[in-house]
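Shown next, in structure tokens, is the structure this report addresses.
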Protein chains: 2
Amino acid sequence: MKFSARFEYALLTLLHLKCEPDEGPVSGKALAESLKLPYRFLEQILADLKRSGLIRAARGSQGGYRLNRDPADISVYDIYVATEGQFQPWDCGAGDDKDGCGSDHNKCVISAFYGDFRSTFISLMKGYTLNTLCSAAQSLKRNQQAVTAP
Amino acid sequence: MKFSARFEYALLTLLHLKCEPDEGPVSGKALAESLKLPYRFLEQILADLKRSGLIRAARGSQGGYRLNRDPADISVYDIYVATEGQFQPWDCGAGDDKDGCGSDHNKCVISAFYGDFRSTFISLMKGYTLNTLCSAAQSLKRNQQAVTAP
DNA sequence: TATCATTCCTATCGTTCTCGTCGGAATGAT
DNA sequence: ATCATTCCGACGAGAACGATAGGAATGATA
């Protein structure tokens, strides 16, 4: 029950793309340097994000990545699905019992718990968007500047 | 982001111990047969549950396992912790940044998201107890009997 | 057209985690 | 004394994960 590095790196990447004021697309190499992440690995994650339509890419010289949707419309759940696939924290009756829980009522109840778990977390993740996260980061920044100010 | 088999097996085991009307302790072998789980693996899980004080064991002939607490006081979260350890779905600043998020406000915001996720998760799991799960199972059973009745 | 920066595709590697198996010691009721 | 049981630690196969790598495709620029 852990978040993968892919997911975290994707969050950082998208947050960077949204929050840092870059003109034009940002190359994978530049992203990897800014975020201090392994370049080759980040490339794969960027491919995931592109495949899911969260970012778009331009090839060739002067190419790079930029957001492909309104940041208010990119939820953390979208990012999760893009990097880890559908949120399905248990192995649902894959082959053993056709009717889901079959004759075992206890299994059935556990499935119900899993379902509750799943829907709770999907809605939690959908509640966070790139916009909300970014403005939270900016308000943090302001607060710290106020404290550190001369 | 998956539940382990240990966790699911533990749920099934404790549910069996609570819901099925057995007199006296139930041996590991009997449990493994009832639940159709690998005996040697289940033994390890039972050891986890005992270590956490959820069940108690009696050795020797006629020995076996039984619950050690009021089923209303055994939450799914207890079972989670017993089998998977403390819920900590991300690697918290282990060595890299002493101040948690350091200078990177985006990391800081992600940590906040993780914290929200974590506390939601824990309170959800604490809301389910052996009692609630078992009575849910029993009501399922009743409903099915009503449908299947002649 | 040649060059070069970039994305894109696919294979691989090493480590860690997980599920499951195993042998055998300790215990305790009969 | 016997036998069923819990208890303890080691081990192995396989998957998942983080990361590395080579090289092809693309496209702006000169």
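Naming: A, B, ... by sequence-line order, numbering from 1 per chain. Being a predicted model, the structure only gives us computed values, none of them experimental. Just so you know, these numbers use all the heavy atoms, side chains as well, and skip hydrogens, waters and symmetry mates.
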Taking any atom under 4.0 angstrom from a heavy atom of chain B, which nucleotides of DNA chain C are the first and last to qualify, 5' to 3'?
C:dC19 to C:dA29
Looking at side-chain heavy atoms only, is the closest gap between B:Ile55 and B:Arg66 below 4.5 Å?
no
What is the distance from CE of B:Met1 to P of D:dC17, rounded to the nearest Å?
11 Å
D:dA1 -> Watson-Crick or G-U wobble partner, both distances under 3.5 Å, gives C:dT30
Under 4.5 Å between any side-chain heavy atoms of B:Met125 and A:Phe113, yes or no?
yes
Rounded to whole Å, how long is the line connecting atom NZ of A:Lys29 with atom C1' of D:dT20?
15 Å
Counting only heavy atoms not in A:Lys2, do more than 12 sit closer than 6.0 Å to its NZ atom?
yes
Side-chain heavy-atom pair A:Leu46, A:Leu31 within 4.5 angstrom cut-off
yes
Between B:Phe3 and A:Lys50, which residue's closest nucleotide on DNA chain C lies nearer the 5′ terminus?
A:Lys50
Are any of A:Tyr9's side-chain N or O atoms less than 4.0 Å away from OP1 or OP2 of D:dA19?
yes
Has the side chain of A:Ser52 got a donor or acceptor atom that lies under 3.5 Å from a matching backbone atom of A:Leu54?
no
Answer yes if the ring centres of A:Tyr114 and A:Trp90 are under 6.0 angstrom apart, and no otherwise.
yes
Integer-rounded Å distance: D:dA19 C1' and A:Lys36 NZ
19 Å
By the 4.0 Å heavy-atom rule, please label B:Ala57 as base, sugar-phosphate, or nothing.
sugar-phosphate
When both distances are under 3.5 Å in a Watson-Crick or G-U wobble arrangement, the nucleotide paired with C:dT10 is D:dA21
Reckon B:Ala47 touches a base, only the sugar-phosphate, or nothing at all at heavy-atom distances under 4.0 Å?
nothing
Mapping B:Arg59 and B:Gln44 onto DNA chain D by nearest heavy atom, which one lands closer to the 5' end?
B:Arg59
Mind checking whether A:Tyr128 and A:Tyr77 have ring centres under 6.0 Å apart?
no
Take the protein atom CZ of B:Phe41 and the nucleotide atom P of D:dC8, then report the distance between them rounded to whole Å.
18 Å
Counting distance alone, no hydrogens or angles: does the base of D:dG9 have a donor or acceptor under 3.5 Å from a partner atom on the side chain of B:Arg40?
no
Atom CG of B:Leu46 to atom P of D:dC8: distance rounded to whole Å?
13 Å
To the nearest angstrom, the CD-P distance between A:Glu8 and D:dC17 comes to 15 Å
B:Leu31 CG to D:dT6 C1': how many Å, rounded?
13 Å
